[in-house]
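Please read these numbers as outputs of a predicted model, since none were measured by experiment.
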Amino acid sequence: MMSSTQRQGPTDQECPICTCEMVLPTAIPACGHKFCFICLKGVNMSNLGGCPICRGPIDDKIFKKPKQALDLKMDVPEAAAAAAALAQQPSTSTSSTLQQIFNSVTQFFAFSAAAGDKKVKQEPVDEDVKPDVAALNAQMRAQAAPAPPPPQPRMYWLYHGRHQGWWRFDPRIEKDIEEAFVSLMPVTEVTICGHPYVIDFSKMSQFPKNSRGSAREVKRVNSDEFDAMNVKGLAGVFASRS
Amino acid sequence: MASQLPRRIIKETQRLLADPVPGISANPDESNARYFHVMIAGPDDSPFAGGVFKLELFLPEEYPMAAPKVRFMTKIYHPNIDKLGRICLDILKDKWSPALQIRTVLLSIQALLSAPNPEDPLATDVAEQWKTNEAEAIKTAKQWTQSYARKFIL
């Protein structure tokens, strides 16, 4: 089922590169066009000839020791909307993204039909009597209400910096890593700054997919451990501490 | 190895299916979500009118930091498209920007059918004909459209 944000199309807060709500929004000083910090960094690393929107110059300085006042434990921006959409979705596996695409359009209709069927089976009504639509809708909403989530501690994923100290992954990448980890996959692939990386859970390390050379350590921590670790920043942006 | 499809590709695909571009269809392959089967209707104002052209579009691993790879599968008489279906279009090469999308790429290709550019040729013989005898070139393009691009029309 498509969420309302997907149907609305692009918004002001949508990064033109990842097409998601921006994480660590960063403007190019010369033209003011805004992107996620790591998306823009990826553009700069790939030598794509300036601003993706206007091809104006990108000042490299914005990538050297970038600092932002940020919530180090921030969530994925669309987490709230996604949770709401998921609550309305009866039993869609989140593991098969491929299948999700092919089903995305038909699912919407299939769900509506299935929900209707269920209703009829569970509560036999006299077919000659028109059911109270408002009451039906209310009941359907109640059935679709989110089951109380199992109490799972919030986990964070960190990577070891080139020099020293630990950094938190971009929350969206972190979410993908966590999903792969809890589904007991031995490895997973993530795209960072436009380049594919492999996370190997048996070694708890990350390396570029196309060259095994420079691996770095990764770590999964709970909230208390996170607080005790003096994490330096998020996805390459230093957290400015007051 | 589990290869997760980037959110952007998922979103672009959903939007293409939910809100298709008029005259263009793009459907992901069942076994490879980075490979799209594309059909473009020849624009009405062009010698390709009445034809439907099949293309393949592939999103490389570096996408969107690298351009999609697009190729005509249907034979076409066009100065910027060669015998192998390769397309001479700057945004597919050095003018690629990650802010462009599958949608904008396909729109640009549709526009290229409306406005052949013999000054920047890929098929030199076709471009030569287009420059020296445009009427004849357009006639050939129409014939090719009739011969090769009517397969998908019932």
Report, as yes or no, whether the 6.0 Å neighbourhood of atom [atom1] on [X] holds more than 12 heavy atoms from other residues, nucleotides or ligands.
{"X": "Asp44(B)", "atom1": "CG", "answer": "no"}
{"X": "Lys65(A)", "atom1": "NZ", "answer": "no"}
{"X": "Arg162(A)", "atom1": "CZ", "answer": "no"}
{"X": "Arg86(B)", "atom1": "CZ", "answer": "no"}
{"X": "Lys139(B)", "atom1": "NZ", "answer": "no"}
{"X": "Lys131(B)", "atom1": "NZ", "answer": "yes"}

**Message:** Under a 4.5 Å cutoff for heavy-atom pairs, which residue among Arg7(B), Glu62(B), Gln101(B) has the most contacts with chain A?
**Reply:**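 Greatest number of close heavy-atom pairs with chain A: Arg7(B).
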
**Approximate separation, where rounding is to 0.5 Å, of Ile53(A) CD1 and Leu100(B) CG** =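 Atom-to-atom, Ile53(A):CD1 and Leu100(B):CG are 8.5 Å apart.
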
**Item:** Separation between CD of Glu14(A) and NZ of Lys11(B), rounded to the nearest 0.5 Å
**Value:**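 Going from the CD atom of Glu14(A) to the NZ atom of Lys11(B) covers 5.0 Å.
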
**Item:** Interchain contact, Arg172(A) with chain B, by part (heavy-atom threshold 4.5 Å)
**Value:**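 Contact with chain B involves both backbone and side-chain atoms of Arg172(A).
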
**Request:** Pick one of side chain, backbone, both or neither for Cys18(A), based on which atoms fall under 4.5 Å of a heavy atom in chain B.
**Result:**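 For Cys18(A), the backbone is the part near chain B, not the side chain.
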
**Request:** Give, as side chain, backbone, both or neither, the part of Pro6(B) having an atom under 4.5 angstrom from any heavy atom of chain A.
**Result:**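 The side chain, not the backbone.
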
**For Arg8(B) against Pro16(A), the heavy-atom pair lying closest together** =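 Arg8(B) and Pro16(A) have their closest heavy atoms at NH1-O, 3.4 Å.
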
**Message:** How close do Ser97(B) and Pro52(A) get, counting heavy atoms only, and between which atoms?
**Reply:**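 It is OG-O, 2.6 Å.
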
**Message:** When you compare the side chain of Ile17(A) with that of Met65(B), does any pair of heavy atoms fall below 4.5 Å?
**Reply:**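 Yes. Closest side-chain heavy atoms under 4.5 Å.
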
**Message:** Give the interface residues of residues 31-41 of chain A toward chain B, defined by a heavy-atom separation under 4.5 Å.
**Reply:**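 Interface residues of residues 31-41 of chain A: Cys39(A).
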
